[in-house]
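Read through the structure below, which is laid out as structure tokens, and then see the notes.
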There are 2 protein chains.
Amino acid sequence: MNNNYELYKVFYWAAKMGSLTQAAKVLFLTQPSVSHAIKQLEDSFGLVLFYRNSKGVELTQEGSVLYSYIEQSQIMISLAEEKMTALKNLDNGELRIGGSDSLFKHYVLPYLEEFHERHPAIKLHLNHGTTPEVITFLKEGRIDLGVVRMPIVDSQLEVKESFQLQDCFVAGARYAKLKNSVISLEMLLQYPIILFSRNSRARMTITELFQSYGYTIKPEIEVGSVDLLIEFARRGLGISYVTREFVSKELEDESLFEIRLDVPLPPSHVGIMTMRNMPLTSAASRFIELIR
Amino acid sequence: MNNNYELYKVFYWAAKMGSLTQAAKVLFLTQPSVSHAIKQLEDSFGLVLFYRNSKGVELTQEGSVLYSYIEQSQIMISLAEEKMTALKNLDNGELRIGGSDSLFKHYVLPYLEEFHERHPAIKLHLNHGTTPEVITFLKEGRIDLGVVRMPIVDSQLEVKESFQLQDCFVAGARYAKLKNSVISLEMLLQYPIILFSRNSRARMTITELFQSYGYTIKPEIEVGSVDLLIEFARRGLGISYVTREFVSKELEDESLFEIRLDVPLPPSHVGIMTMRNMPLTSAASRFIELIR
DNA sequence: TATTGTTCATAGATGTGGTCTATAGCTCCT
DNA sequence: AGGAGCTATAGACCACATCTATGAACAATA
């Protein structure tokens with residue numbers, strides 16, 4: 001009974017075609033090979049599976065029973081192979097990305113659009129969260145890749161830089177007087193500061209920057225989304241620390257302006273984060289190819 | 001994509017066990033063999049199916065998709081193999097026999113009882129009909145074997161004699177005067193004769209016998225069943241030509257007696273008829289073994 | 001920090017067995 | 001009788017599945 005499953009494939013086609021010769025053609029084998037394979041199966045069961053006659057073969061009672069099972073089995077394998085081809089060709093499957101809302105909105109979105117256009121059958125799943133959350137998603141296998149601010153130090157993860165953003169302070173009309181001056185960090189602290197509330201990479205970066213100059217930055221207002229950061233600044237509630245690329249529209253229509261500082265603000269690097277040494281899905285690796 | 005289906009068996013167990021090493025044990029292979037098999041599958045699809053880590057392996061997204069199909073396929077094969085073993089061991093299956101009602105009742109029945117006791121899981125199908133009908137059943141594959149009177153001359157069929165019966169003329173009390181005499185064929189024709197009506201072997205035999213002596217036997221009454229043949233004779237409607245073994249009860253309780261003739265009546269041979277060069281089901285060959 | 005015990009991957013050797021060709025036997029049809 | 005199907009059988013061959021031996025990576029110990 002310890003059969004080679006390959007024999008079932010031969011049996012299936014022999015039964016389906018009603019002829020060993022025809023089965024051989026389908027399977028790209030010779031007729032004796034097929035004959036031999038069927039004999040092996042019959043011997044292994046101790047049962048005769050086919051009536052042989054001069055026109056071909058016909059299933060015996062027992063052969064019919066076997067066929068009813070093997071047919072199902074073969075159909076499943078065919079479906080599996082089709083599905084695998086589809087996955088390979090990106091005619092199927094899903095792409096699960098983690099990251100912050102703002103990065104999705106301002107950075108990932110155009111690539112997603114292009115990817116979706118090229119591979120409309122791939123379902124897209126966006127999971128937003130803070131960087132630590134995204135890391136957890138990744139480690140739990142809930143996403144294929146994360147789009148996060150660098151640096152990330154985690155030996156399980158692999159992060160490739162893909163884009164550079166510049167954070168800056170912006171203010172609205174209320175602080176128009178600052179428009180044409182260059183401000184020091186100390187001076188800036190005189191004004192109400194609006195920062196992103198959560199454990200974001202940007203928040204850590206700016207805090208460290210002030211500390212490196214001997215100051216402590218304490219926000220007047222903390223908000224939970226980039227949209228609010230922008231909105232509060234526009235309404236004059238304070239000076240927001242945002243990614244310049246995310247307020248390009250507001251800078252252009254001059255509802256916001258950038259505060260010029262006498263020290264350079266460090267650029268922020270966006271990276272594509274994946275599990276180290278873990279293979280990517282076909283869709284994920286194609287997407288990363290696209291984005292770089 | 002032209003995969004050896006054997007690889008799916010390896011894949012199935014690797015996924016199921018979550019470990020190539022464990023899969024190897026189940027499959028009685030070495031770990032490198034399993035590793036190699038999985039690699040072959042992955043290469044053939046151009047997709048990675050497993051994450052390898054130090055604890056074993058885990059399905060990737062694509063691997064999971066494949067598994068969901070292959071699992072079904074493998075389950076069907078397992079069921080098929082179980083079923084085949086059951087059929088082989090006669091824990092399952094059916095036995096379809098054709099023949100006349102009277103042969104079933106008086107000859108086949110005890111064997112069927114014994115067979116059923118030994119293999120209670122085998123379903124029994126009895127199809128009664130005249131000999132030509134039974135031959136048709138057999139050729140159409142509706143029965144596995146037929147129990148018929150010999151001889152049968154048909155090159156497609158194989159008939160093995162299994163039992164000998166003796167036909168005879170019997171009468172009831174009305175003809176008691178014949179009880180102690182030896183009768184000639186000519187004398188017999190003076191009395192009303194009751195014969196089986198249909199194209200039975202017994203009818204042909206007796207007709208030929210009379211013809212060989214230059215007489216023609218013309219029944220007064222023709223009936224369609226052996227039971228009626230017996231019943232009519234008992235009631236004195238005539239002299240019936242029946243198989244002696246079928247009226248043993250009536251002969252014993254003397255409601256019927258056998259007419260002694262001055263010529264010997266030919267014995268009738270019962271044979272087991274099967275298709276020549278066609279394999280028998282496990283159940284059928286076991287039954288024939290039993291009956292001989 | 002080394003040690004030990006897992007895991008899977010790789011390389012190269014080996015021999016089994018699946019596949020081939022050639023041929024025979026059978027049945028049906030012309 | 002001959003031809004054209006079909007399947008079965010025999011024997012030869014070589015690809016490839018499997019093996020052993022080893023390496024590399026990682027985790028859980030000491």
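Order of the sequence lines fixes the chain letters, A, B, ..., with proteins taken first and strands second; residue numbering starts at 1 for each chain. The basis for the numbers below is simple: all heavy atoms, side chains too, and nothing from hydrogens, waters or symmetry mates.
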Think [X] has a side-chain N or O under 4.0 angstrom from the OP1 or OP2 of [N]?
X	N	result
B/Q40	D/dA17	yes
B/S54	C/dC8	no
A/S35	D/dT9	no
B/R52	D/dA25	no
A/T21	D/dT7	yes

Measure [atom1]/[X] against [atom2]/[N] and give the value in whole Å, please.
X	N	atom1	atom2	result
A/Y51	C/dT27	OH	P	17 Å
A/W13	D/dT7	CH2	C1'	21 Å
A/L59	D/dT7	CG	P	13 Å
B/E58	C/dT7	CD	C1'	14 Å
B/N53	C/dA9	CG	P	11 Å
B/L27	D/dC19	CG	C1'	15 Å
B/K9	D/dA17	NZ	P	13 Å
B/I38	D/dT18	CD1	P	12 Å

(request) Would you give a per-nucleotide map of nucleotides 19-24 of chain C, 5' to 3', where B means the base has a protein non-hydrogen atom under 4.0 Å away, S means only the sugar-phosphate does, and - means neither? (result) BBBB--

(message) Looking only at side-chain N and O atoms, does A/D144 offer a donor or acceptor that is under 3.5 Å from a partner on B/Q61?
(response)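 B/Q61 vs A/D144: donor-acceptor pair found between side chains.
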
(request) Please check if any side-chain donor atom of A/E81 sits under 3.5 Å from a side-chain acceptor atom of B/Y8, or the reverse. (result)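 Yes.
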
(request) Look at the aromatic rings of A/Y12 and A/Y67 and report parallel, tilted or perpendicular, splitting at 30° and 60°. (result)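 Judged by the thresholds at 30° and 60°, the geometry between A/Y12 and A/Y67 is parallel.
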
(message) Check whether B/R118 reaches the backbone of B/H116 with its side chain - one donor and one acceptor, N or O, closer than 3.5 Å.
(response)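 A pair under 3.5 Å: no.
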
(message) One pair to check against side chain to side chain contact (heavy atoms under 4.5 Å, CB included): A/I291 and A/F115. What are the steps and the verdict?
(response) CA-CA 9 Å; A/I291 215 169; A/F115 185 84; over 6 Å; no

(message) Can you identify which nucleotide, out of D/dT9, D/dA8, C/dC8, has its nearest atom closest to the A/K39 side chain?
(response)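 So the nucleotide nearest the side chain must be D/dT9.
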
(request) Output, in order, the C-alpha distance, side-chain angles, deciding distance and verdict of side chain to side chain donor-acceptor pair (under 3.5 Å) for A/Y107 and A/S162. (result) CA-CA 11 Å; A/Y107 170 58; A/S162 76; 2.6 Å; yes

(message) If the threshold is 4.0 Å, N to carboxylate O, is there a salt bridge linking A/K39 and A/E42?
(response)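 No, no charged N to carboxylate O under 4.0 Å.
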
